[in-house]
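See below for the structure under consideration.
First the proteins, then the strands, lettered A, B, ... as listed; each starts at 1.
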Amino acid sequence: MTTASAAQPLQWDYAPAPESAAIGRIKPRYQPYINGHFVDGGGVDDVTINPGTEEALATVSQCDDANVDAAVKAARTGYDKYWSKLSGAERGKYLFRIARAIAERSRELAVVETLDNGKPIKESRDVDVPTAAAHFFYHAGWADKLQHAGLGAHPQPLGVAGQVIPWNFPLLMAAWKIAPALAAGNTVVIKPAETTPLSLLVLAEIFAEADLPPGVVNILTGAGDVGSALVNHPGVDKVAFTGSTNVGKKIQASLAGTGRKLTLELGGKAANIVFDDAPIDQAVEGIVNGIFFNQGHVCCAGSRLLVQESIAEEVLAKLKDRIGTLRLGNPMDKNTDIGAINSAAQLARITALADTGEGEGATRWTSSCAIPDRGFYFPPTIFSNVSQSMRISREEIFGPVLSVLTFRTPDEAIAKANNTPYGLSAGVWTEKGSRILGMAGALKAGVVWANTFNRFDPTAAFGGYKESGFGREGGLSGLAAYLRPELEA
Amino acid sequence: MSDRIDVAKTYKLFVGGAFPRSESGRTYQVTDSSGKFLANAAQASRKDGRDAVAAARKGFGGWASATAYNRGQVVYRVAEMLEGRRAQFAALLHDTEGTEESAAKNTVDAAVDRLVHFAGWTDKIAAVFGSSNPVAGPYFSFSTPEPTGVVAALAPQNDSLLGLVSVIAPIICSGNSVVLIASETRPLPAITLAEVFATSDLPGGVVNILTGSPAEIMPWLASHADVNALDLTGATGDQRIEWEAAAAGTVKRVYSPTGTDFSAAPGTGRMRAFLETKTVWHPTGAVSLSGGGSY
């Protein structure tokens, strides 16, 4: 090291600042929400745990095929009987109500999300919940303006939407999926991940309180088998899936020839590209945010850092200094930066994949932060001396693990950034405006953050190229995924 | 009967702006609607399909980065060249599909008009399907449509000119390149249209046309890792199942409409099917244009 980075990480003796778990009002048992009612599922009860402590959080009644069938039928009835009969303006009012109710119960929702998912309370409080409310608010306003969506004078809903969402942003993903579907006039059957069902079931309470007609939104609890039954149900007109590329491929294959509309939001291996003229301190913040936000459980996480060779040492040193200050631990503590890995299974995957990094010759650096005795935690980890062929730079790790590569020219950066089957997101850090726009144009990625990273907004389309899927969420193109022009097949 | 001997034409493939024979050396007989021999056409192989994908990838870069204005002019130029050959195509349709003369002329005119229609779309796609995003926070965010890349398309089997043009034009007007498999039994309008493309300032590789058996070539295109999207307009039900499933291996975009009436107004679905949306974010700073931390 040539810079003054040898200093020991500072000791931050923050007093504990825990949010109260009581605010979450976690109930002992939760049920799926079908046709406007919380009903027992036909499957065996499952327990969802708090990944921050490994303690049982609540029992959740699981669904079976008959429940899937009932939910799809309810959604069809809800579509025919209520939702398709409403004017756009009236539909919009329901969505506005929901947006308001999410805001009103935001603290409760944030606590539920953090307890069930393991993400830091400051992130669920400041990102997940407000952005979820914003999605309902944004799409509420679309409901009576669909003729302006670029699909002709009378765009039509598709019918019943079957949606499957992942565990990394349970409430936010639900909002991304449900809000545009309802605004466009569709009804919904949605399945959260089996490890994170609670916030969506609280959202179901909000739907009920908002007097949303029965069957308009149905929520199925369960694992992959329930999701598979849902997306393959013949009563579903549109399938929207967010999750792993492998599962997305299976869904696409299983829907082949059915004519059912499909959108996929899959994995990523984003390049975060730092040029030598970048504002380095801001870039370091952006790199940290890019890979350690939500413990790296982000499909668009900036997991491949591409640094221009001339500043690589400086950036790496500053990065380690900065990461040394990140506080890992109790997700419910308001000062926690990095919370828990969502499940034991995911922790095992991260651990195994990170271990291949060393095996393949990369240099591993791990933050010296303390790790709690209980709960699933993985310390922030950086691999340097990484080559493009290594698994850690090719495969999605979905955890707080950063691979660092270098480049000399913009062309080399583009070639390396695009050298992946994925194409979800990318970052560019440089002071040169023409270079930003040139890079943004050349990168095969659906979202490019320049001098920032991991920004989301309902007005801005989000979604990937190549094996990161097809379809967008947010903005015009996200709405279009739930509509068809009146005069087109 | 004239005593002049026809100069019989040997139809070839259209790949990378050139007219090669099939590498397999095979041809097949094309007959008219009453079963009378019309011509031999090249029977493309899997290898021809791969060559066409390579040519399309090569053609894609320059075409995608060409200005929308330029693309519009080129597509319009295609319409001009087709207009100049109206009589030839009307006769071809009469021979190939048994279309009556006046109807054949109308179909050719509609094909020309369709090209003109899409020529006018090239520089409006970004405005209609893109957006400036009023995000909450000090950022400028905008979403722009981009071509998805190489599209493998199967032309409609029974609408050998208007249907064919209606498939190709929306794919290329946004900057994609295309590998198209012509109607198996009615390939002559397609390969003759290739002569129009070849003389229309269209860069080599943007449009590639294969004649032969879709069942033989399409499986390879559907699973090809360098093909970004499929247009299965001309596929049968079983083929849709098979090729859509194959496309899932590389998460291709698949456009698979059935029963399209090409005489109707074309709409925007075919263009939107092959567009990516790219969203770019940049901080705008907090009014500190005169220095200081603006990030």
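- Contacts between A:Arg472 and chain B at a heavy-atom distance below 4.5 Å involve the side chain alone, from C-beta outward.
- A donor-acceptor contact closer than 3.5 angstrom links the side chains of B:Thr233 and B:Asp231.
- In the displayed structure, A:Arg100 atom CZ is contacted under 6.0 Å by at most 12 heavy atoms of other residues, nucleotides or ligands.
- Top candidate by heavy-atom pairs under 4.5 Å with chain B, chosen from A:Tyr138, A:Phe456, A:Phe462, is A:Phe456.
- Side-chain atoms of B:Trp121 and B:His117 form a donor-acceptor pair, as typed in the model, at a separation below 3.5 Å.
- A:Ser477 places no side-chain N or O within donor-acceptor distance of the main-chain N or O of A:Glu473, the cut-off being under 3.5 Å.
- Note that CD of A:Glu396 and OG of A:Ser244 are 8.0 Å apart. Values are rounded to the nearest 0.5 Å.
- Using a 4.5 Å cut-off between heavy atoms, A:Ala445 touches chain B through its backbone atoms (N, CA, C, O) alone.
- With chain A as partner, the option from B:Phe129, B:Trp281, B:Phe142 having the largest number of non-hydrogen pairs under 4.5 angstrom is B:Trp281.
- At least one test fails for A:Lys432 against the ring of A:Phe275: distance under 6.0 Å to the centre or angle within 45° of the axis.
- Only the side chain of B:Ser143 comes within contact range of chain A, judged by heavy atoms closer than 4.5 Å.
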task = Might you work through the salt bridge (Lys or Arg N to Asp or Glu O under 4.0 Å) test for A:Lys269 and A:Glu395, ending with a clear yes or no?
result = CA-CA 7 Å; A:Lys269 194 73 193 174; A:Glu395 295 180 28; over 6 Å; no
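- Classification of the A:Trp449-A:Phe453 ring pair by plane angle, with boundaries at 30° and 60°, yields tilted.
- The contact list for residues 248-256 of chain A toward chain B, using heavy atoms and a distance under 4.5 Å, reads A:Lys249, A:Gln252, A:Ala253, A:Leu255, A:Ala256 by residue number.
- Residue with the most contacts toward chain B among A:Gly441, A:Ala134, A:Gly150, A:Pro458: A:Gly441 (heavy-atom pairs, distance under 4.5 Å).
- No hydrogens or angles considered: nothing links the side chains of A:Thr245 and A:Glu467 as a donor-acceptor pair under 3.5 Å.
- The interface of residues 237-254 of chain B with chain A, defined by heavy-atom distances below 4.5 Å, comprises B:Arg240, B:Ile241, B:Glu244, B:Ala245, B:Ala247, B:Ala248, B:Gly249, B:Thr250, B:Val251, B:Lys252, B:Arg253, B:Val254.
- With 3.5 Å as the limit, one finds a donor-acceptor pair spanning the side chains of A:Thr430 and A:Asp277.
- Ranked by heavy-atom pairs under 4.5 Å with chain B, the list A:Leu262, A:Leu476, A:Leu443, A:Val428 is led by A:Leu443.
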task = Tell me, with the steps shown, if B:Ser131 and B:Asn133 meet side chain to side chain donor-acceptor pair (under 3.5 Å).
result = CA-CA 6 Å; B:Ser131 60; B:Asn133 313 318; 2.7 Å; yes
ask   = Where do A:Lys261 and A:Asp237 land on the salt bridge (Lys or Arg N to Asp or Glu O under 4.0 Å) test, with the steps shown first?
value = CA-CA 7 Å; A:Lys261 303 268 183 198; A:Asp237 301 300; over 6 Å; no
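- Of the charged side-chain nitrogens involved, none lies within less than 4.0 Å of a carboxylate oxygen, so that B:Glu216 and B:Arg46 do not count as a salt-bridged pair.
- Inspection of non-hydrogen atoms places no residue of residues 153-173 of chain B under 4.5 Å from chain A.
- Under the side chain to side chain donor-acceptor pair (under 3.5 Å) rule, A:Trp429 has a single partner from A:Asn272, A:Asp276, A:Asn451, which is A:Asn272.
- The closest side-chain donor-acceptor pair between A:Arg455 and A:Asn289, if any, does not fall under 3.5 angstrom.
- Legend: salt bridge (charged side-chain N to carboxylate O under 4.0 Å, His left out) pairs involving residues 139-155 of chain B, not counting sequence neighbours, sorted by first then second residue: B:Glu146-B:Lys278.
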